[in-house]
Amino acid sequence: DSTAGTNSDCQPCPCPGGSSCAVVPKTKEVVCTNCPTGTTGKRCELCDDGYFGDPLGSNGPVRLCRLCQCNDNIDPNAVGNCNRLTGECLKCIYNTAGFYCDRCKEGFFGNPLAPNPADKCKACSCNPYGTMRQQSNCNSVTGQCECLPHVSGRDCSACDPGFYNLHSGQGCERCDCHALGSTN
Amino acid sequence: LPTAVTPLPPGTHLLFAQAGKIGHLPLEGSSMKKEEAKTLLHVPEKVIIGLAFDCVDKMVYWTDISEPSIGRASLHGGEPTTIIRQDLGSPEGLAVDHLGRNLFWTDSYLDRIEVSKLDGTQRRVLFETHLVNPRGIVVDPVRGNLYWTDWDRDNPKIETSYMDGRNRRILAQDNLGLPNGLTFDPFSSQLCWVDAGTHRAECLHPERPGSHRALEGLQYPFAVTSHGKNLYYTDWKTNSVIAMDLAISKETDAFHPHKQTRPYGITMALAQCPQGHNYCSVN
């Protein structure tokens with residue numbers, strides 16, 4: 001209040017880097033009006049959309065606002081790509097998932113950090129006849145599906161040598177060929 | 001510096017969102033009165049994306065991806081209120097049907113288009129299939145049509161349906177990149193969209209085949225609104241509001257807000273509603 005006539009009429013803005021502020025007429029609340037790039041909030045205590053951190057340390061140690069860290073597995077045309085306090089990635093693409101879009105989502109396998117999107121995460125495509133409880137999930141790195149007894153292959157689509165009838169859905173059955181009448 | 005809305009002077013204004021605030025920029029004819037631009041509403045804890053205006057009650061509506069929620073405030077002054085906070089993922093585009101008193105929005109996380117009354121009641125999912133990144137949405141209340149964009153990188157498209165969800169069909173899908181925003185001008189019945197992939201604005205009369213035309217050289221358009229022969233779009237490259245004249249196919253003016261962050265939704269706050277009525281408004 002510059003009209004009261006005391007030494008403390010004008011006080012410095014409580015804003016980072018001496019940036020400007022204003023007083024809300026009704027509530028007398030002081031609000032920063034020109035927060036540094038990437039920050040926002042009444043006291044520049046929040047990060048802008050597309051950034052994350054805790055610039056004033058309101059929830060722990062001070063962490064400057066940084067761009068969302070999602071391993072290039074977000075789309076720059078999307079909004080709300082990460083939680084602005086924790087940095088948790090919220091809009092992973094290329095079939096990735098995880099806090100930093102750093103793993104393949106359920107039902108996919110491969111290398112989520114591969115530079116080429118086509119090489120990142122591929123569908124498990126487990127064979128329903130050869131898979132335990134007809135699962136569609138697989139090892140997220142190797143892509144190995146969980147096969148029924150005597151079933152083999154990454155996607156559980158083949159019988160072990162000497163076994164047949166994948167389509168039984170119970171695992172493959174022993175051929176039981178007579179040793180004398182068979183070539184192998 | 002309002003945390004509640006200070007009443008706006010009469011006349012036509014542009015309203016635009018900049019995450020934690022909504023700014024207003026008065027228009028005089030087609031020119032922007034930049035020296036009179038002010039903050040309409042300060043909500044730093046929110047990230048406001050979509051904006052729409054109800055010319056009947058003089059209310060501004062917004063989508064907020066931080067809570068997420070949908071809220072509104074009267075331009076006559078007063079506190080903002082939240083009308084929807086349940087079952088939202090990433091609500092982005094927003095449209096007001098001022099005749100039927102309905103609100104339409106896109107949700108790019110739940111991949112849905114929904115509708116409710118203006119107070120958030122009688123909510124219903126209109127579409128939840130064949131949507132990847134739905135964003136911009138507008139209505140033509142007089143003819144009962146809904147239009148929206150989907151910036152799916154594998155299959156970007158502009159779609160349309162009746163406002164009740166019937167007769168859904170693709171209006172455009174060739175030569176699109178990232179169609180982010182669209183606008184319908186009730187006076188010329190022209191639909192225009194802006195594309196951050198092709199850097200173009202494209203316009204057509206939905207009921208007149210062959211009326212398609214394009215304007216080149218946009219930078220990174222996010223949302224767009226129209227007024228007569230002018231388009232106004234928010235731009236992520238320059239963090240500004242840019243005016244374009246459709247008659248001469250040129251950028252005519254640019255407004256750079258004091259705060260340099262990305263601008264999102266933009267809408268026209270008209271002093272009076274366009275003429276017209278529809279069946280839903282009487283039934």
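Note: hydrogens, waters and symmetry copies are ignored here, and every other heavy atom, side chains too, is used. What you see is a predicted model; the values in this text were computed from it and never measured. Order of the sequence lines fixes the chain letters, A, B, ..., with proteins taken first and strands second; residue numbering starts at 1 for each chain.
Summarising the geometry of G41(A) relative to P44(B), their closest heavy-atom pair is CA-CB, 3.4 Å, with the distance given to 0.1 Å. What you find for R262(B) and P76(A) is that their closest heavy atoms are NH1-O, 4.4 Å. Residues A196(B) and N77(A) share a closest heavy-atom pair of CB-OD1, 4.5 Å. Taking both residues in full, the closest heavy atoms of D48(A) and K259(B) are given as OD2-NZ, 4.3 Å, listed atom of the first, atom of the second, then distance. Contact record, C32(A) with H42(B): O-NE2, 4.4 Å, taken as the closest heavy-atom pair.
Within a 6.0 Å sphere centred on CZ of R123(B), other residues, nucleotides and ligands contribute more than 12 heavy atoms. Other residues, nucleotides and ligands contribute over 12 non-hydrogen atoms within 6.0 Å of the CG atom of N137(A). Residue E45(B) qualifies as enclosed at atom CD: its count of foreign heavy atoms under 6.0 Å is above 12. Atom OH of Y129(A) has 12 or fewer neighbouring heavy atoms from other residues, nucleotides or ligands inside a 6.0 Å radius. Counting non-hydrogen atoms of other residues, nucleotides and ligands closer than 6.0 Å to CZ of F99(A) gives a total above 12. Other residues, nucleotides and ligands contribute only 12 or fewer heavy atoms inside 6.0 Å of the NZ atom of K38(B). Dense packing is recorded around CD of E216(B), with more than 12 heavy atoms of other residues, nucleotides or ligands lying under 6.0 Å away.
Between I93(A) and R153(B) there is no side-chain heavy-atom pair separated by less than 4.5 Å. The closest side-chain heavy-atom distance from T261(B) to T40(A) is not below 4.5 Å.
In terms of heavy-atom pairs under 4.5 angstrom with chain B, the leader among L46(A), V79(A), N34(A) is V79(A). Interface remark: of the candidates Q260(B), E92(B), R135(B), R135(B) forms the most heavy-atom pairs closer than 4.5 Å to chain A.
Remark: S66(B) OG to L85(A) CG distance equals 12.0 Å, nearest 0.5 Å. Once rounded to the nearest 0.5 Å, the distance linking CD1 of I65(B) with CG of D49(A) reads 4.5 Å.
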| Under the side chain to side chain contact (heavy atoms under 4.5 Å, CB included) criterion, do D75(A) and N133(B) qualify, and how do the steps go? | CA-CA 11 Å; D75(A) 195 306; N133(B) 285 313; 5.6 Å; no
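For a residue to count as touching a neighbouring chain, one of its non-hydrogen atoms must lie under 4.5 Å from one of that chain's; by this rule N83(A) does not touch chain B.
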